[in-house]
Amino acid sequence: MAIITVDSLRKSFWVNQRRAGFAGAVRGLVSRTGHEVVAVDDISFEIAAGEMVGYIGPNGAGKSTTIKVLTGILVPSSGQVTVAGLVPWEQRRTLAGKIGAVFGQRTQLWWDLPLIESLTLLQHVYGVPSDRFNANLSYFREILELDGFLDTPVRQLSLGQRMRGDLVAALLHEPPILYLDEPTIGLDVVARARMREVLQEINRERGVTVLLTTHDMDDISQLCQRMLIIDHGKLLYDGSVEAIRERYGMERTLVVDLDGSEEIEGPLELPGMTDVQQDGPRHWLRFRRDQASAAEAITAVTSRHRIRDLTLEEPDIEGIVRRIYEGGDRL
Amino acid sequence: MRLYYEIARRSFDRFLTYRAATLAGTATNGFFGLMRTYLFIGFYGSQGTVSGWTEGDALAFVWLGQALLMPVFIFGWYDIALTIRSGDVVSDLSKPFDYYGFWLARDAGRALYHTLFRAIPTFLIGALLFRLSLSSDPAHWLGFLVSLVLAVWISFGLRFLANLAAFWLLDHRGAVYTLLFANGLFSGLLVPLNYWPDWAETVVRTLPFAGMVQIPVEIILGKSTGADLVVALLFQLGWAVGLMLAGRVVLALAVRKVVIQGG
Amino acid sequence: MLGATVARLLEDVSLYRIFVGSRLRSQMQYRESFLVMLVLGFVGLTTEFLAIILLFNRFDTLIGWSVGEVAFLYGLASISFGMAELFGAGFDNFPETIRRAEFDRVLLRPQSAFVQVLSGDFQLRRLGRILQGTMALGFAFAWTSVAWSPQKLAYLPVVVLCGMVLYIGFFVLGATLCFWTVDSVEVANIITYGGTEFASYPLPIYHVLMQRFFTFVVPLAFVSYFPSLYLLGRPEASDWPQWLLVASPLAAAALFALVAWLAWGFGVKHYRSTGS
Ligand SMILES: Nc1ncnc2c1ncn2[C@@H]1O[C@H](COP(=O)(O)OP(=O)(O)OP(=O)(O)O)[C@@H](O)[C@H]1O
Ligand SMILES: [Mg+2]
């Protein structure tokens, strides 16, 4: 059963252009020019209840815009959307009680109030009965370890604490749907891992449907079975995380700088590796994780060549998107 | 000198980007000018001269006042106070330029912008719609220009001091806010000083505020001529320099406070 | 249907109180600063009133209106505007809300966006203007010889409330403009701040186009000049039906509130958030 359906969604913005310099400012007083930015371009997908879906793409791809349409913040230029059977921008108030949202870049809490007071305010805003509120609060206090900073004004919280506060704020009214727009941005490794565990638990224990954007491939591979890839507003991929991992995530790149004493023209010939790019003494060697460990790959290189320096590159989202384009493959 | 010229130019350029605000601001000044114009027309009725001014003088005052509002007056200018609060002031103070000169140059750039793009358009609205009695003597116009420059300098001196108060006061807005209202009342902007009761006028005319609106306006109306004009300009110059000296003394005290207490 | 509407209204009112309460609590953290700003605001605004008194020192009347009568107009406008500022300032401050994309958060919540914005920037220090207007009204009572019948005394707060509704309506319309452009909001200030100044003096002093504008387009005269004619017993109104003067503030406020409400609903649909 699809709880979110998106059909031919399109959202464009008109952006005014400012002219530079003095003459520009004077001319700008009289006339304005601008252009249209298509943030989301004819996107369709469905998400079933209880799914946890990763939504990825490079900067400016249109992820946040999509989420804002799904919450009812933005009215789309065209297309149909239903969330929990409602049209977000028409039935915003009803829908708001059924969704929770965390925007990692911007807090939803009251800046100058202590966290606990923001939460009790939200209790009134969402009309959560006291017993449910208390039960939920004590649940999250435990799993998110809120106790140390419940009484601190939000503006004094660290980023990780604030993000946890935002997550509680988004879940206190027990929404069946949760949108997370970069919930791990700026968090350190430990906080990131903790956040993932909590999200997993919420999805598993409470059956919450989660749509998650991130720039961290690890978030996706640890949390989601399915992912959507978007770039320039267009949906490039909708399918299992596994397939992408198979295809691209397995591929790591060893960047080596050869010692200058060795004169080599053209690509290096090495077993199990392809030399995909050269720049002077620097070579980019691609190999598959399932065929060789990093140590084996390094040994393979060093046994044949003298090298001065090396780095290992893991695939990132930008890289994957680039490769999808390069390969011309629409999956 | 070159450095301060560049600072002033940057500041001028920065204001160029606020074009919509400029347009809207001019419209606001124009609208308030209209309302005050009709207020004085209503007050004058069929009376010829009141307190030495005719209706035409009063209307000229209204539009000059609206025009001078931005170059000389400028509401809620907290620029220095904000750097004090954020602590950026420390790095500004340690830069190799004269701190007072740095801010004065910035303010000069701003004032030039506001004169060209706010004051002149605003004044033109009034001049096109109403008969304003301005002096036709070029010497008075020249005197007005000098007086305008001095008015900006006085205004800057006052704002500089009020902003420095943020070194001592908890709330950085209080002093600037107080200054704002003193400006409005004592400069003659709200009610020209010649309409005030004689004793009050005598007192207020000795304050620096008089040099911000009342004196320049009287010069271009042709109300102060010959020796009076020179005295008026000297009065302005005296206050401008006096405030500058006061500003430098207070700044020195503030710097000492920062050095001793670490802000 | 009616029951549901009333229930929703009550919910809105209680939400408004909850929001305002929380704003107040956070402001009380900085009590000194609050008091200083309140006093300064009051003193500062007093210069406006002082200006009127100074002018009447040199001019005896303003087209037949005495200083007490003008003080009445001024006080009425100040109190109405001050109350609008106090209760509806979230709309006055709306450009910032839009620039920082805080309206996103408003739309995420299952409550009326209107009520949330209305209560978003409650600041008790804005009491200054109301105090100042009350003081002016006090002088007006002392300086005029109006016979204040019980009807008139009961009617005065009605006029003030209608004025408040009208001013909040301006704020809402100005805020609505922000959905398209945040740069031009200063134009909206012409209507609010300019309108208050306009309403502080008798209507006929102004150019006829301005009179019409503030009567028929922005019906400010209906909450200041016309009811004041009745309240002060001015001769200008002697051949007009009294019920018309008395009813006009209510009609104007209701109509304008409706227009502002519809415009707001239309504007919200055009909200575009920000790109980051
Ligand atoms: N309110 C707006 N006004 C104008 N342009 C906008 C607005 N919101 C988004 N855009 C543009 O739409 C495009 C998509 O933006 P969006 O914020 O959806 O990207 P994103 O995928 O979330 O990127 P990021 O990873 O950087 O957060 C960008 O080109 C952006 O500049
Ligand atoms: Mg984004």
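Chain letters run A, B, ... following the sequence lines, proteins first, then strands; residues in each count from 1.
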Who wins among F43(B), F181(B), Y195(B) for the most heavy-atom pairs under 4.5 Å with chain C?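 Of F43(B), F181(B), Y195(B), F43(B) has the most heavy-atom pairs under 4.5 Å with chain C.
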Report the option among P192(B), G45(B), A182(B), P197(B) that has the most heavy-atom pairs separated by less than 4.5 Å from atoms of chain C.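 So the answer, after comparing P192(B), G45(B), A182(B), P197(B), is P197(B).
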Give, as side chain, backbone, both or neither, the part of Y201(C) having an atom under 4.5 angstrom from any heavy atom of chain B.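 Contact with chain B is through the side chain of Y201(C) alone.
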T46(C) versus chain B, heavy atoms under 4.5 Å apart: side chain, backbone, both or neither?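 The answer is neither part of T46(C).
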Should the heavy atoms of other residues, nucleotides or ligands under 6.0 Å from CZ of R212(C) be counted, would the total exceed 12?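 Result for CZ/R212(C): open.
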R85(B) atom CZ, over 12 foreign heavy atoms within 6.0 Å: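 Check fails, neighbour count at 12 or below.
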Are any of the side-chain heavy atoms of L34(B) and H207(C) separated by less than 4.5 Å?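 Heavy-atom side-chain distance check fails, nothing below 4.5 Å.
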When heavy-atom pairs shorter than 4.5 Å are enumerated against chain B, which of P202(C), G44(C), P204(C) gives the highest number?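 With the most close heavy-atom pairs to chain B, the winner is G44(C).
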Looking at chain B, which one of V36(C), L40(C), I63(C) has the largest number of heavy-atom pairs inside 4.5 Å, strictly under?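 Counting heavy-atom pairs under 4.5 Å, the top option is L40(C).
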Test side chain to side chain contact (heavy atoms under 4.5 Å, CB included) on L39(B) and I205(C); report intermediate values, then the result. CA-CA 6 Å; L39(B) 179 64; I205(C) 68 167; 4.0 Å; yes
Separation of M35(B) CE from T196(C) OG1 (nearest 0.5 Å):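 If we round to the nearest 0.5 Å, T196(C):OG1 and M35(B):CE are 8.5 Å apart.
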Positive for side-chain contact (heavy atoms from CB on, under 4.5 Å) with L190(B), one of T47(C), L50(C), L55(C), I52(C):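 So the option named by the test is T47(C).
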Polar side-chain atom of R58(C) near backbone of W196(B) as donor-acceptor pair, under 3.5 Å: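 Side chain of R58(C) to backbone of W196(B): a pair is present.
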Taking the six-membered ring for Trp, are Y38(B) and Y206(C) parallel (under 30°), tilted (30 to 60°) or perpendicular (over 60°)?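 Because their plane-to-plane angle is over 60°, the rings of Y38(B) and Y206(C) count as perpendicular.
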Interface moiety of N183(B) toward chain C, non-hydrogen atoms closer than 4.5 Å: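 For N183(B), there is no contact with chain C at all, as no heavy atom is under 4.5 Å.
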Heavy-atom contact with chain C under 4.5 Å, split by part of Y177(B):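 Just its side chain gets close to chain C.
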Taking the six-membered ring for Trp, are Y44(B) and F59(C) ring centroids under 6.0 Å apart?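 Under 6.0 Å, so yes.
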Which atom of F32(B) lies closest to which atom of Y193(C), heavy atoms considered: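 Closest approach of F32(B) to Y193(C), heavy atoms only: CZ-C, 3.8 Å.
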